Amino acid sequence: QLRLVESGGGSVQAGGSLRLSCVASEDTESYRDMAWFRQAPGKEREGVARIYTYTDRTSTPAYADSVKGRFTISRDNAKNTVYLQMNSLKPEDTAMYYCAAAYGFANLNVDRYGYWGQGTQVTVSS
């Protein structure tokens, strides 16, 4: 069973940066779609970013409109790790952030991801 463990959350002021990490217990090459979601109190879980890896081992990212230009998703297959670099953070980015994985193309459809981490809290103050 795949296990995903997030880290890197914390409390920062608006305009600051954080880098989240998601370490997988298995080779991430087996999971073509790796993603980050977030959920704020009273809100539904929403997709933030995903990275899809093709059979030729190239990857392409995609982002929610709310974070484009500020967040960057990347992966290091040698370390079985996916990252989310978050810059220019805003108070509305405050949420629990979750790592997720899928075998196929899931494209931030929450129902398509079969594996989830426990989450890491991000709090942004003004």
Side-chain angles (χ1 to χ4, degrees):
Q1 181 180 4
L2 176 68
R3 294 181 178 181
L4 303 173
V5 180
E6 305 97 332
S7 63
S11 181
V12 299
Q13 293 185 331
S17 298
L18 287 172
R19 189 178 75 160
L20 306 184
S21 298
C22 173
V23 180
S25 62
E26 301 177 13
D27 191 343
T28 53
E29 292 183 2
S30 298
Y31 303 90
R32 315 226 71 84
D33 195 320
M34 301 291 294
W36 288 95
F37 288 76
R38 66 186 182 187
Q39 187 167 23
K43 302 290 186 179
E44 294 186 347
R45 190 167 298 190
E46 64 173 344
V48 175
R50 61 89 173 141
I51 186 164
Y52 183 81
T53 301
Y54 299 94
T55 55
D56 65 1
R57 303 176 71 169
T58 60
S59 299
T60 184
Y63 303 93
D65 289 342
S66 59
V67 306
K68 65 180 181 181
R70 300 188 296 120
F71 291 10
T72 302
I73 188 171
S74 62
R75 69 168 73 201
D76 185 339
N77 289 328
K79 297 181 178 180
N80 293 331
T81 302
V82 177
Y83 303 97
L84 184 68
Q85 179 67 46
M86 305 185 295
N87 298 326
S88 301
L89 283 163
K90 304 175 180 179
E92 51 262 45
D93 295 319
T94 295
M96 185 73 73
Y97 283 71
Y98 299 91
C99 181
Y103 284 114
F105 184 62
N107 202 30
L108 294 178
N109 183 333
V110 67
D111 296 323
R112 296 288 189 267
Y113 293 87
Y115 304 94
W116 296 85
Q118 294 298 308
T120 185
Q121 179 68 39
V122 172
T123 302
V124 184
S125 60
S126 60

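Being a predicted model, the structure only gives us computed values, none of them experimental. The basis for the numbers below is simple: all heavy atoms, side chains too, and nothing from hydrogens, waters or symmetry mates.
Atom CD of Gln118 is surrounded by 12 or fewer heavy atoms from other residues, nucleotides or ligands within 6.0 Å.
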Between Tyr98 and Glu6, is a side chain to side chain contact (heavy atoms under 4.5 Å, CB included) present by the stated rule, with each step listed? CA-CA 7 Å; Tyr98 299 91; Glu6 305 97 332; 4.0 Å; yes
Yes or no on side chain to side chain contact (heavy atoms under 4.5 Å, CB included) for Ser21 and Lys79, after CA distance, side-chain angles and deciding distance? CA-CA 11 Å; Ser21 298; Lys79 297 181 178 180; over 6 Å; no
Take Thr53 and Ser59 through the test side-chain hydrogen bond (donor to acceptor under 3.5 Å, both in side chains) and record every step on the way to the result. CA-CA 4 Å; Thr53 301; Ser59 299; 3.0 Å; yes
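Residues Leu108 and Val82 fall into different hydrophobic clusters, defined by Ile, Leu, Val, Met, Phe, Trp and Tyr side chains chained together at heavy-atom separations under 4.5 Å. Both Val48 and Val12 belong to a single network of hydrophobic side chains, linked directly or stepwise wherever heavy atoms of I, L, V, M, F, W or Y lie under 4.5 Å apart. Linking Ile, Leu, Val, Met, Phe, Trp and Tyr whenever their side-chain heavy atoms come within less than 4.5 Å puts Tyr103 and Leu4 in one cluster.
With respect to Asp93 and Arg70, a salt bridge is recorded, a charged nitrogen being found less than 4.0 Å from a carboxylate O.
When side chains are defined from C-beta on, Arg19 counts as touching Tyr83, because their heavy atoms get closer than 4.5 Å. The shortest distance between side-chain heavy atoms of Met86 and Val67 does not fall below 4.5 Å. Taking the side chain as every heavy atom from C-beta outward, Lys90 and Val124 never approach each other to under 4.5 Å. Val110 places a side-chain heavy atom less than 4.5 Å from the side chain of Trp116. Here the side chains of Asn87 and Ser17 are in contact, with some heavy-atom distance below 4.5 Å.
With Gln13 as reference, Ser125 is the one residue of Ser125, Pro91, Ser126 to meet the side-chain contact (heavy atoms from CB on, under 4.5 Å) rule. The side-chain hydrogen bond (donor to acceptor under 3.5 Å, both in side chains) with Arg50 is formed by just one residue from the set Asn109, Asn107, Asp33; it is Asn107.
Evaluation of the side chain to side chain donor-acceptor pair (under 3.5 Å) rule for Tyr115 yields no partner, not counting sequence neighbours.
Put simply, CG on Asn77 and CZ on Arg75 are 5.5 Å apart, with the number rounded to the nearest 0.5 Å. Here the CG atom belonging to Asn80 is positioned 9.0 Å from the CE atom belonging to Met34, to the nearest 0.5 angstrom. The distance from atom OG1 of Thr123 to atom CG of Leu89, rounded to the nearest 0.5 Å, is 10.5 Å.
Summarising the geometry of Ala49 relative to Leu84, their closest heavy-atom pair is CB-CD1, 4.1 Å, with the distance given to 0.1 Å. When every heavy atom of Arg38 is checked against every heavy atom of Ser66, the shortest pair comes out as NH2-OG, 3.4 Å. Considering every non-hydrogen atom in both Ala106 and Arg112, the closest pair reads CB-CB, 3.5 Å. Between Ile73 and Tyr63, the closest heavy-atom pair is N-OH, 3.0 Å. Annotation for Thr120 and Gly8: closest pair OG1-N, 4.2 Å, computed over non-hydrogen atoms. Between Arg32 and Tyr54 the shortest heavy-atom distance is NH2-O, 3.0 Å.
Note on ring orientation: taking the six-membered ring where Trp is involved, the planes of Phe37 and Tyr113 are perpendicular (angle over 60°, cut-offs 30° and 60°).
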